[in-house]
> 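The structure is given below, and queries will be raised subsequently.
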Number of protein chains: 2
Amino acid sequence: MKLSEGVEWGLHCGVLLGFVGPDASLPTARLAEYHGVPGAYLAKHLQAMSRAGILESVQGPGGGYRLARPAADITVLEVVEAIDGRESAFQCAEIRRRGPSARPAREYRVPCSIHSLMNRADEAWREELRRVSLADLMGQVVAGASPKGLEQGARWMQEVLK
Amino acid sequence: MKLSEGVEWGLHCGVLLGFVGPDASLPTARLAEYHGVPGAYLAKHLQAMSRAGILESVQGPGGGYRLARPAADITVLEVVEAIDGRESAFQCAEIRRRGPSARPAREYRVPCSIHSLMNRADEAWREELRRVSLADLMGQVVAGASPKGLEQGARWMQEVLK
DNA sequence: GGAGTGATACTCGGATATCTGGTGTCCGAGTTTTCGCGG
DNA sequence: CCGCGAAAACTCGGACACCAGATATCCGAGTATCACTCC
């Protein structure tokens with residue numbers, strides 16, 4: 001079970017776009033350059049986030065992506081689900097209904113206990129991600145990054161948005 | 001992010017072996033037959049569980065697998081980790097250190113906030129699976145299955161162990 | 001009848017193919033900007 | 001100098017290759033069983 005690498009990219013992009021603010025936008029190429037990742041592939045994930053209503057796209061020169069809503073209203077879970085999909089990690093194949101001890105379908109009224117447990121665990125995972133917004137992450141970045149790093153990032157952004 | 005199908009198989013096999021008890025064992029072919037899954041592939045996962053110290057293998061005719069410990073002492077998490085691996089679903093690539101705003105390594109003293117959050121979520125997921133043992137699952141099966149289904153399963157087991 | 005011995009059948013264990021989904025890339029559709037021209 | 005228009009450049013969006021890991025399978029190593037033979 002491995003989470004798509006694009007999830008990390010999407011989250012970082014979301015945080016960066018949060019710093020950019022609602023009145024400007026960054027194109028895929030800049031976002032990729034800033035994070036040191038292949039732009040052509042990053043585009044795929046940004047499109048997914050756009051379809052999910054997390055990002056807004058602006059066409060033409062000077063365009064790019066920006067957050068569709070305030071960063072405080074976007075949860076990490078939304079980003080993860082937009083990129084990695086909304087379905088649970090565990091897909092119950094109902095193998096209890098197969099083999100020599102199989103019974104007619106109507107006798108399986110209680111859901112598979114393994115399935116239930118897995119769903120519970122999955123929900124716990126999602127709940128943790130739901131608790132945190134992009135704004136929260138932005139705050140942690142500001143609090144945790146070195147002053148020089150923040151200044152360097154601000155300088156880069158100023159240069160790009162110019 | 002999709003969990004290996006083998007996890008479901010391994011858990012069901014663990015539960016079934018719990019019912020078999022510590023004095024008998026079931027070979028791969030019987031376990032596969034009971035669950036209606038390809039035996040050659042199931043073998044791979046049973047081997048993994050054996051390596052992890054969850055199952056014990058008995059060679060030769062009449063041999064097979066049995067639980068290495070009481071079912072109450074085996075958590076679902078153990079089985080999942082034995083088959084799917086022990087590492088977190090999220091692998092932080094530290095992309096914050098790349099690109100134009102990168103800083104010397106010593107300036108990154110605080111762990112990446114995204115990484116921390118993902119680890120927290122992962123731990124919540126694992127904690128749910130740690131809470132439940134194979135014995136718990138066995139109890140739920142007994143409580144939830146239809147009487148006819150239980151009898152049919154018992155009959156099959158009696159036939160196989162004969 | 002009982003013990004020893006060899007063959008046999010059955011089991012696990014790891015090494016080997018195949019295939020789906022993630023990874024990576026590309027080009028076309030659409031829009032904004034910009035430059036040139038005319039008034 | 002100002003307005004208009006066409007061209008150009010830049011952007012997103014979806015369609016197209018490639019590759020690693022999961023899926024699926026096989027055969028060899030090892031052992032308990034069983035039958036046969038001999039005492």
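Reminder, nothing fancy here: chain letters follow the sequence lines and each chain counts from 1.
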> When the ring planes of B:Y34 and B:W156 are compared, do they come out parallel, tilted or perpendicular, using 30° and 60° as the limits?
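Rings of B:Y34 and B:W156: tilted, as their planes differ by 30° to 60°.
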
> Would you kindly give the CG-to-P distance between B:D84 and D:dA22, to the nearest whole Å?
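Taking CG of B:D84 and P of D:dA22, I get 8 Å after rounding.
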
> Quick one: B:Q47 CD to D:dC26 P, roughly how many Å, whole number?
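Checked: the CD to P distance equals 15 Å.
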
> Is there a donor-acceptor contact under 3.5 Å linking the side chains of A:S133 and A:D136?
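Present: a donor and an acceptor within the cut-off.
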
> Rounding to an integer number of Å, can you tell me how far B:L31 CG sits from C:dT11 P?
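B:L31 atom CG is separated from C:dT11 atom P by 11 Å.
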
> Would you mind telling me which of D:dC12, C:dG13, D:dG13 lies closest to the side-chain atoms of A:Q59?
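Per side-chain heavy atoms of A:Q59, the pick is D:dC12.
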
> Starting from the 5' end of DNA chain C, give me the residue, A:W9 or B:V58, whose nearest nucleotide shows up first.
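Counting from the 5' end, the first nearest nucleotide belongs to B:V58.
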
> Mind checking if A:R30 touches a base, just sugar-phosphate, or nothing, with heavy atoms under 4.0 Å?
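No contact at all - A:R30 keeps every heavy atom at 4.0 Å or more from the nucleic acid.
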
> With a 4.0 Å cut-off on heavy atoms, is B:G6 in touch with a base, just the backbone sugar-phosphate, or nothing at all?
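No contact.
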
> Using modelled atom types and a 3.5 Å cut-off, is there a donor and acceptor pairing between side-chain atoms of B:E8 and backbone atoms of A:A93?
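Side chain of B:E8 to backbone of A:A93, a donor-acceptor pair under 3.5 Å: yes, one is there.
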
> OP1 or OP2 of C:dA17 less than 4.0 angstrom from a side-chain nitrogen or oxygen of B:Y41, does that happen here?
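So the side-chain polar atoms of B:Y41 never come under 4.0 Å of the phosphate oxygens OP1 or OP2 of C:dA17.
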
> For A:S57 and D:dT11, is the shortest distance between a side-chain N/O and OP1 or OP2 below 4.0 Å?
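No, A:S57 has no side-chain N/O under 4.0 Å of OP1/OP2 on D:dT11.
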
> Which nucleotide in the list C:dG14, D:dA9, C:dC12 gets nearest to the side chain of B:P27?
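Side chain of B:P27 sits closest to C:dC12.
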
> Please tell me if B:R51 has a side-chain N or O lying less than 4.0 Å from either OP1 or OP2 of C:dG13.
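Checking C:dG13 against B:R51, no side-chain N or O comes under 4.0 Å of OP1 or OP2.
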
> Can you find a side chain N or O atom of A:S4 that sits less than 4.0 Å from OP1 or OP2 on C:dT23?
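For A:S4, the contact criterion (side-chain N or O under 4.0 Å from OP1 or OP2 of C:dT23) is met.
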
> Assuming nearest nucleotide by heavy-atom distance, tell me which of A:E5 and B:S50 is located more 5' along DNA chain C.
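Whichever sits nearer the 5' end wins; that is B:S50.
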
> Could you tell me the separation between the NZ atom of A:K44 and the P atom of D:dC16, rounded to a whole number of Å?
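Spelled out: NZ on A:K44 to P on D:dC16 is 12 Å.
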
> Would you kindly give the CD-to-P distance between A:Q91 and D:dA22, to the nearest whole Å?
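One finds 17 Å between P of D:dA22 and CD of A:Q91, rounded.
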
> Is the A:H115 ring parallel, tilted or perpendicular to the A:F90 ring (thresholds 30°, 60°)?
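The rings of A:H115 and A:F90 sit tilted, inter-plane angle from 30° to 60°.
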
> B:E87 and B:Q91: which non-hydrogen atoms are nearest, and at how many Å?
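Reported closest heavy-atom pair: CB-NE2, 3.9 Å.
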
> Using five base pairs at each end to define the local axes, how bent is the helix from C:dG1-D:dC39 to C:dG39-D:dC1, to the nearest 10°?
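One end's axis against the other's: 0°.
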
> Determine whether A:V142 and A:F19 make a side-chain contact, defined as any pair of heavy atoms from C-beta on separated by less than 4.5 Å.
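Result yes, sub-4.5 Å side-chain heavy-atom pair found.
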
> Does a side-chain heavy-atom distance below 4.5 Å link B:V79 with B:L129?
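No - every pair of side-chain heavy atoms lies 4.5 Å or more apart.
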
> Rounding to a whole Å, what distance do you find between B:R66:CZ and D:dA32:C1'?
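Value for this atom pair: 13 Å.
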
> Closest nucleotide of DNA chain D for A:G60 versus for A:M1: which of these residues is on the 5' side?
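Taking each residue's closest nucleotide, the earlier one in sequence belongs to A:G60.
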
> Could you pull out the closest heavy-atom pair between A:G10 and A:I83, with the gap in Å?
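The pair with the smallest heavy-atom distance is CA-CD1, 3.8 Å.
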
> Which nucleotide in the list D:dG14, D:dT31, D:dT25 gets nearest to the side chain of B:A40?
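The listed nucleotide nearest to B:A40's side chain is D:dT25.
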
> Over how many whole Å does the gap from B:M49 atom CE to C:dG13 atom C1' extend?
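After rounding, the reported distance stands at 16 Å.
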
> Separation of B:L42 atom CG from D:dT23 atom P, in whole Å?
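So the two atoms are 12 Å apart, to the nearest Å.
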
